[in-house]
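To start, the structure under review is shown below, and the notes come after it.
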Amino acid sequence: MKLTAPKGTKDILPAVSDLWQYMEEKAKYIFDKSNYQEIRTPIFEATELFCRGVGDSTDIVNKEMYTFIQKDRSLTLRPENTAGVVRAFIEHNMHKLPNPLKLWYKGPMFRYERPQAGRQRQFHQVGVEVFGVKEASIDAEVIQTAIWFLKELGIGGLALEVNNIGCPECRMSHREKIKSSVKPRLEEFCEDCHVRYEKNPLRMLDCKNPKCKELLANEEINNVINEDYICPACSEHFESLKVYLKVLNIDFTVNKRLVRGLDYYNRTVFEITSNALGSQNAVCGGGRYDNLVEMLNGQPTPAVGWAMGMERLLALMNVQIERGLDVFVVSSDTKEALKTVDELRKAGYIADFDPAGKKFGKQLEKASKSNAKYALILGEDEIKAGTYSLKNLQTSEQQTFPKDEALKIIAK
RNA sequence: GCGAGUGUCGCCAAGUGGUCAAGGCAUCGGUUUGUGGUACCGAUAUGCGUGGGUUCAACUCCCAUCACUCGCCCCA
């Protein structure tokens with residue numbers, strides 16, 4: 001039987017690993033400059049964390065988790081990382097650390113779904129979580145960090161949508177209003193919407209079913225949706241976010257139907273989409289989750305964050321990475337070659353040689369194909385004289401130098 | 001969970017019932033045993049995802065199965 005990687009997983013092969021590293025280096029650069037610290041949490045957690053953290057009514061918890069029982073404990077491969085970071089925040093009393101606490105992470109996530117373009121069962125996310133600030137200025141900063149990162153990767157054609165879904169209190173009354181406005185024609189909505197009606201009526205607003213869309217376009221229902229239902233405090237928060245975004249010159253549109261599929265969000269939610277991705281067009285999603293820490297039995301702490309799908313970022317990046325050696329050692333004497341390569345590497349050069357000890361011509365061919373700047377020729381003559389001959393593989397010029405002088409030339 | 005499409009060498013592929021399964025890239029060897037990248041010559045699929053069936057004959061037709069891809073739902 002042929003062994004293959006499980007459905008929805010992918011090997012990251014050498015052909016793309018340079019790109020991954022490039023992306024990760026950019027992320028680290030930006031997070032360092034923005035005073036974020038990295039956190040690494042386990043790849044699996046107690047199942048209960050996700051049920052309580054992500055939410056019982058979400059698709060993620062209901063049908064997408066990789067859950068297994070080990071010695072009577074139910075464990076789950078993390079489908080997202082906010083719940084895990086919050087768990088660590090609480091467990092390690094991080095509310096006592098200097099405020100605000102700005103964290104970033106990257107790593108694999110797991111969701112049991114049918115794979116398609118821009119969606120895998122094991123995929124990677126990079127994200128941030130900021131704890132301890134309730135002001136909208138941090139929402140804006142967090143969004144700005146996301147946009148900076150995307151720009152730094154050379155990704156264009158993106159659109160930012162923001163919304164404020166209110167706090168638990170004002171959302172409750174909005175829920176009821178939506179339910180009552182939808183109720184007369186509830187029978188006509190799709191099956192999923194019937195479930196949403198009971199569990200999370202806000203989710204009905206972004207149903208993709210054409211019939212449901214049509215029903216929602218109904219004037220009366222539409223009025224309820226567009227009505228400014230959020231309370232004065234939430235409204236003020238939203239207004240100041242908009243001001244901060246304008247100060248930062250960030251373009252955005254307000255989308256009142258943006259609700260997002262994770263239960264923990266409140267107030268600010270946002271999404272960055274690309275028109276170049278196919279149907280899974282979200283590159284970045286995030287928002288505020290002021291109640292999650294408390295819900296998981298921590299000290300009440302406001303928080304905001306986002307996550308990006310790294311595979312999707314990679315699909316949008318248009319970066320060529322040149323890889324080449326500084327020097328390739330060509331020698332008829334494998335012992336000398338081995339020793340010389342070791343010295344060159346420790347002196348800071350990217351160096352290699354032909355371990356198979358092929359014929360001179362073949363070694364030079366290897367040097368050329370390895371995209372090396374120089375071939376360092378170390379034949380009998382050079383060994384005797386204690387010199388290196390350097391051949392510039394672009395210009396074909398070749399000259400013999402004392403060893404230390406040769407090193408200086410390579411460095412140029 | 002539902003719907004559609006595709007599976008021929010490491011990669012890209014032609015062949016669509018009848019000699020040896022084109023070609024290109026890559027790889028390896030040689031021309032050239034101390035001078036490469038170009039050029040030329042040569043090598044590389046007892047097999048066309050897998051298992052059945054139809055036929056004198058199957059990569060080509062039929063059935064099943066598996067894998068992958070795309071879409072729905074949902075998300076990053």
Side-chain angles (χ1 to χ4, degrees), chain A residues 1-10 13-15 54 57-64 79-82 106-127 146 150 190-193 195-196 200 203 206-210 212 258-262 270-274 277-286 305-316 328 330-333 354 356-372 374-383 389-398 400:
Chain A
M1 186 193 149
K2 205 176 189 178
L3 291 172
T4 54
K7 188 191 267 288
T9 67
K10 275 209 169 85
L13 298 170
V54 177
S57 76
T58 61
D59 282 3
I60 291 179
V61 169
N62 282 316
K63 51 184 198 190
E64 295 174 4
E80 58 94 59
N81 208 27
T82 298
K106 65 161 196 268
M109 308 293 158
F110 306 85
R111 293 184 198 173
Y112 184 79
E113 301 178 88
R114 284 298 283 273
Q116 66 185 67
R119 164 182 300 163
Q120 292 168 209
R121 288 180 174 180
Q122 179 180 167
F123 62 103
H124 298 77
Q125 287 189 330
V126 55
L150 292 164
C190 70
E191 256 180 68
D192 288 337
C193 276
V195 180
R196 293 186 185 116
N200 191 353
R203 296 244 47 159
D206 64 357
C207 182
K208 306 294 189 302
N209 184 309
C212 299
L258 180 64
V259 293
R260 305 196 48 76
L262 286 74
F270 62 91
E271 214 168 271
I272 301 173
T273 57
S274 161
L277 268 181
S279 78
Q280 308 307 318
N281 64 356
V283 177
C284 174
W306 52 252
M308 295 193 197
M310 295 173 85
E311 281 80 0
R312 292 183 190 176
L313 294 177
L314 209 72
L316 293 169
F328 191 99
V330 171
S331 178
S332 50
D333 185 331
D354 172 35
K358 292 204 177 59
K359 286 186 286 197
F360 194 85
K362 282 291 161 197
Q363 290 197 27
L364 215 45
E365 190 181 325
K366 288 267 181 212
S368 186
K369 286 186 175 163
S370 70
N371 207 13
Y374 291 98
L376 188 158
I377 295 162
L378 187 54
E380 282 173 31
D381 299 347
E382 285 86 354
I383 293 169
S389 292
L390 284 185
K391 184 183 181 96
N392 182 317
L393 290 168
Q394 265 78 54
T395 64
S396 293
E397 284 171 52
Q398 184 176 327
T400 305

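In the text below, chain A, chain B and the rest are named by the order of the sequence lines, each starting its count at 1.
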Who pairs with [N] - Watson-Crick or G-U, where each distance is under 3.5 Å:
N      : result
G10(B) : C25(B)
G71(B) : C2(B)
U35(B) : none
G51(B) : C63(B)
A45(B) : none

Provide the distance between the two [atom1] atoms, one in [N] and one in [M], to the nearest whole Å.
N      : M      : atom1 : result
A13(B) : G7(B)  : P     : 10 Å
C62(B) : A26(B) : P     : 38 Å
U8(B)  : U60(B) : P     : 13 Å

Side-chain donor/acceptor contact of Q280(A) with base of G71(B) under 3.5 Å: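 Checked by distance alone, the answer is no.
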Taking N and O atoms by type only, does the side chain of R119(A) place a donor or acceptor under 3.5 Å from a partner on the base of C74(B)?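 Present.
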Which part of the nucleic acid, if any, lies within reach of [X] when heavy atoms closer than 4.0 Å are counted: base, sugar-phosphate only, or nothing?
X       : answer
G118(A) : base
E365(A) : sugar-phosphate
I377(A) : base
K366(A) : sugar-phosphate
Q398(A) : base
G379(A) : base

Find the distance [X]:[atom1] to [N]:[atom2] and express it as a whole number of Å.
X       : N      : atom1 : atom2 : answer
E64(A)  : G1(B)  : CD    : P     : 13 Å
L390(A) : G34(B) : CG    : C1'   : 16 Å
R114(A) : G1(B)  : CZ    : C1'   : 8 Å
I60(A)  : C74(B) : CD1   : P     : 12 Å
F270(A) : A76(B) : CZ    : P     : 10 Å
L393(A) : G37(B) : CG    : P     : 11 Å
K10(A)  : A67(B) : NZ    : P     : 16 Å
D381(A) : U35(B) : CG    : P     : 12 Å

Counting distance only, does the side-chain N/O of Q363(A) pair as donor-acceptor with the main-chain N or O of S331(A) below 3.5 Å?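 Side chain of Q363(A) to backbone of S331(A): a pair is present.
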Drop me the distance from Q125(A)'s CD to L313(A)'s CG, to the nearest 0.5 angstrom.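 One gets 10.0 Å once the value is rounded to the nearest 0.5 Å.
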Rounded to the nearest 0.5 Å, what separation is found between the CG atom of N371(A) and the CG atom of L393(A)?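 Interatomic distance, N371(A) CG to L393(A) CG, rounded to 0.5 Å: 9.5 Å.
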Taking only the side-chain heavy atoms of K7(A) (C-beta and beyond), determine which of U35(B), C68(B), A76(B) contains the nearest atom.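 For K7(A), the side-chain atoms sit closest to C68(B).
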Which of these nucleotides, A76(B), U35(B), C73(B), is closest to any side-chain atom of Q125(A)?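 Ranking A76(B), U35(B), C73(B) by closest atom to the Q125(A) side chain puts A76(B) first.
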Apply side-chain hydrogen bond (donor to acceptor under 3.5 Å, both in side chains) to T9(A) and Q122(A), showing your working. CA-CA 5 Å; T9(A) 67; Q122(A) 179 180 167; 5.8 Å; no
Return the 5'-most residue of the pair S279(A), A307(A) with respect to RNA chain B, ranking by each residue's nearest nucleotide.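 In this pair, the answer is S279(A).
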For Y112(A) and for A5(A), find the nucleotide of RNA chain B with the closest heavy atom, then tell me which residue's nucleotide is more 5'.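 Comparing both residues, the 5'-ward one is Y112(A).
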Atom pairs, protein N/O to nucleotides 31-33 of chain B N/O, distance under 3.5 Å:
none

